[in-house]
Amino acid sequence: MDGDRGNPHRLLYSLVNGSDGAFEINATSGAIVVTRSPAQLQREAYELHVQVTEVSSAGSPAAQATVPVTIRIVDLNNHPPTFYGESGPQNRFELSVYEHPPQGETLRGLKIIVNDSDQGANARFNLQLVGLGGVFRVVPQTVLNEAQVTIIVENSDAIDFEKFQVLTFKFRAPAADLGRNRGGGEGYRRLPYPHSLSAPLTSLSRTGGGAEGGYSAMCPVKVERRRFVKIHLIS
Ligand SMILES: [Ca+2]
Ligand SMILES: [Ca+2]
């Protein structure tokens, strides 16, 4: 804004530095536009410097001012928890164990990593094993970003060839703080792309649905004649 009275001169806006190629400014309106998709915004904050030049009626620069503009990037919850085996993402895991394994024993030979590559609360989720109750316990029960998944025997008697030849379990990975983020409060707003921003530029929020429900996988436990218990984990 030019505080001079009378016939105000034309103002021209330009980005001096700090945009890293991710933002552009409209020379006449001063509107700042995101030029990359949100996923390509690698920094948590961008410190832009906007230069405003007043152009005289003769066309020559009359006065100049520079103002710093901070744009903060808020993480979007766009990654669901995903299970990984030894060779990458995996939605089915299998294992055979003898029936009646010792109580409290960790099931060996089963390497499962679960990962959510968002940040902070967007990467926090619970880990649950749904199926015949009290047979196995999954550890950890709450994950931030990444954890190795361990399954521990809780009820040796239930893992019995004569009782069950197949036991099926299902992993669930619901967001840990689903209730808090749902339904307003500090909820995020979804911005269209490309985003058109107008001053004051203090915050650009990114968020998303899609990952709210977390992730699930299945785990059939098969008891064979050889008196093995087979464990299958399927997503
Ligand atoms: Ca994210
Ligand atoms: Ca997530």
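Both ligands and their constituent atoms are indexed starting at 1 by order of listing. FYI, side chains are in, hydrogens and waters are out, and symmetry mates aren't considered; it's all heavy atoms of this structure.
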For this session: Looking only at N, O or S atoms, find the one in Asp118 nearest to the Ca ion (ligand 1) and name it.
Result: OD1
Exercise. How is the N/O/S atom of Asp75 that comes nearest to the Ca ion (ligand 1) named?
Worked result: OD1
Exercise. Without hydrogens or angle criteria, can the side chains of Asn115 and Glu146 be said to hold a donor-acceptor pair below 3.5 Å?
Worked result: yes
Exercise. Do you see a donor-acceptor pair shorter than 3.5 Å between the side chains of His49 and Asn17?
Worked result: yes
For this session: Classify the ring geometry between Tyr46 and Phe23 as parallel (under 30°), tilted (30 to 60°) or perpendicular (over 60°).
Result: perpendicular
Seminar exercise, completed: In terms of heavy-atom contacts, Ser19 and Leu48 come closest through CA-CD2, 3.3 Å
Exercise. With a cut-off of 3.0 Å, does any N, O or S atom of Ser117 fall short of it relative to the Ca ion (ligand 1)?
Worked result: no
Exercise. Within Asn122, is some N, O or S atom less than 3.0 Å away from the Ca ion (ligand 2)?
Worked result: yes
Exercise. Can you give me the O-the Ca ion (ligand 2)-OD2 angle for His79 and Asp116, to 10°?
Worked result: 80°
Exercise. Judged by atom type as modelled, is there a donor-acceptor pair below 3.5 Å linking the side chain of Lys111 to the main-chain atoms of Gln148?
Worked result: no
